[in-house]
Amino acid sequence: STPTPLTKSQLKRLIENSPNTLGRMLIATALATGMRRAEVVSLELKHINLQDKTVLHPKTKGGKRRLYTLPENYIKVLKKWINIIKEYYPNTEWLFPNGWKPEDNIKPHRFNTLFSEARKKAKLDLPNPYTKAKGRYKYNIHSLRDTFCCLLLQNGTDIYNVKELMGHSKMDTTLRYYAYLPNKNRTEIINKTFNPDTDLKPNKTDLKVEKENNEETLNPIKQLQIRLINDEIGEEEYKRKLKLIGGMFEENKKSIYFG
């Protein structure tokens, strides 16, 4: 699907208009980790290592285990959320337990509902321009993952680390996000990648050598010799063409085979 990243101001509106703390934490978790909807709602408390600032999810897309690194500002609110969960649902194993049945986690459709409410209040319920299907909105939960990727690129993270952090199996999937970067960010990334202090100006000696190489390449006799060696022309044709340019076949033939 076509990426639909949110701007920073749109993200702020979305979070501020979330109907409750659960909605804000779901959005924050998806945004801080780049997880997909199903991965977020299926997080267990035992998956989280606050000391190492990581989350080891045992089953992501394709059934793969993945290690996520948690940003500092997210860890602060995550600790508070975990304390609340342990106080209200001391026996639950889930990061996002079902309030009616704490032994179970919330389901993806609950995340959908909370996100939809926030999107509507934030006036971000725009129609999706990339599909003709009715009732589809431009921004959805996956937009948080798209935003995570674009923020990494905007901050100058190299494309290979972005690929790993996103869990993409193919580089092509990651590269398509470059199209959604502002021109300013693209320029900054290129400038960081390319060392502007490197002296790339050729000196006079380089220019002289390059000129000699070009003259040698353009020499018609050299060209004929190369064509003969590559079996592009036969010996008879080589002799005939060589005579036309005033060369001596035997002398040039020796230079081909004996240097």
Determine whether [X] and [Y] fall in the same hydrophobic cluster, where Ile, Leu, Val, Met, Phe, Trp and Tyr are linked whenever their side-chain heavy atoms lie under 4.5 Å apart.
X	Y	result
L26	I82	yes
L45	L43	yes
Y137	L6	no
L11	M35	yes
L67	L70	no

**Report entry** Working for side chain to side chain contact (heavy atoms under 4.5 Å, CB included), residues T4 and Y139
**Finding:** CA-CA 6 Å; T4 54; Y139 300 115; 4.3 Å; yes
To the nearest 0.5 Å, how far apart are [atom1] in [X] and [atom2] in [Y]?
X	Y	atom1	atom2	result
K138	L126	NZ	CG	6.5 Å
I48	L78	CD1	CG	5.0 Å
T54	Q51	OG1	CD	9.5 Å
K80	K76	NZ	NZ	9.0 Å
L124	F115	CG	CZ	8.0 Å
I27	L22	CD1	CG	9.5 Å

Query raised in the report: Cut-off 3.5 Å, side chains only: do T21 and R24 have a donor facing an acceptor?
Result: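 Per modelled atom types, T21 and R24 side chains form a pair under 3.5 Å.
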Side chain to side chain, [X] and [Y], heavy atoms closer than 4.5 Å:
X	Y	answer
Y74	M25	yes
H142	D146	yes
W94	E103	no
V55	T33	no
M166	F148	yes
I141	V40	no
P97	I85	yes
R65	L56	yes

Restricting to non-hydrogen atoms, name the atom on [X] and the atom on [Y] that form the minimum distance, rounded to 0.1 Å.
X	Y	result
F111	A30	CZ-CB, 4.5 Å
P5	Q10	O-OE1, 4.4 Å
A118	L14	CB-O, 3.6 Å
T60	R66	OG1-CG, 3.7 Å

**Report entry** side chain to side chain contact (heavy atoms under 4.5 Å, CB included) between S18 and L114, intermediate numbers included
**Finding:** CA-CA 7 Å; S18 295; L114 293 170; over 6 Å; no
Query raised in the report: Once the angle between the rings of H57 and Y68 is folded into 0 to 90°, is it parallel (under 30°), tilted (30 to 60°) or perpendicular (over 60°)?
Result: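 Perpendicular, since the angle between the ring planes exceeds 60°.
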Report task. May I ask you to decide whether K121 forms a salt bridge with E16, counting only side-chain N to carboxylate O separations under 4.0 Å? Result -> no
Query raised in the report: So with a 6.0 Å cut-off around NZ of K53, is the heavy-atom count from everything else above 12?
Result: no
Report task. Check whether more than 12 heavy atoms from other residues, nucleotides or ligands sit under 6.0 Å from atom NZ of K107, and answer yes or no. Result ->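 Yes, the 6.0 Å shell around NZ holds more than 12 heavy atoms from other groups.
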Query raised in the report: Does R13 reach the main-chain N or O of A122 with its side chain, forming a donor-acceptor pair under 3.5 Å?
Result: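 Flag set: sc R13 to bb A122 pair under 3.5 Å.
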Query raised in the report: Quick one: salt bridge (charged side-chain N to carboxylate O under 4.0 Å, His left out) pairs with a partner in residues 28-52, sequence neighbours left out?
Result: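 Salt bridge (charged side-chain N to carboxylate O under 4.0 Å, His left out) check on residues 28-52 returns R36-E39, E44-K46.
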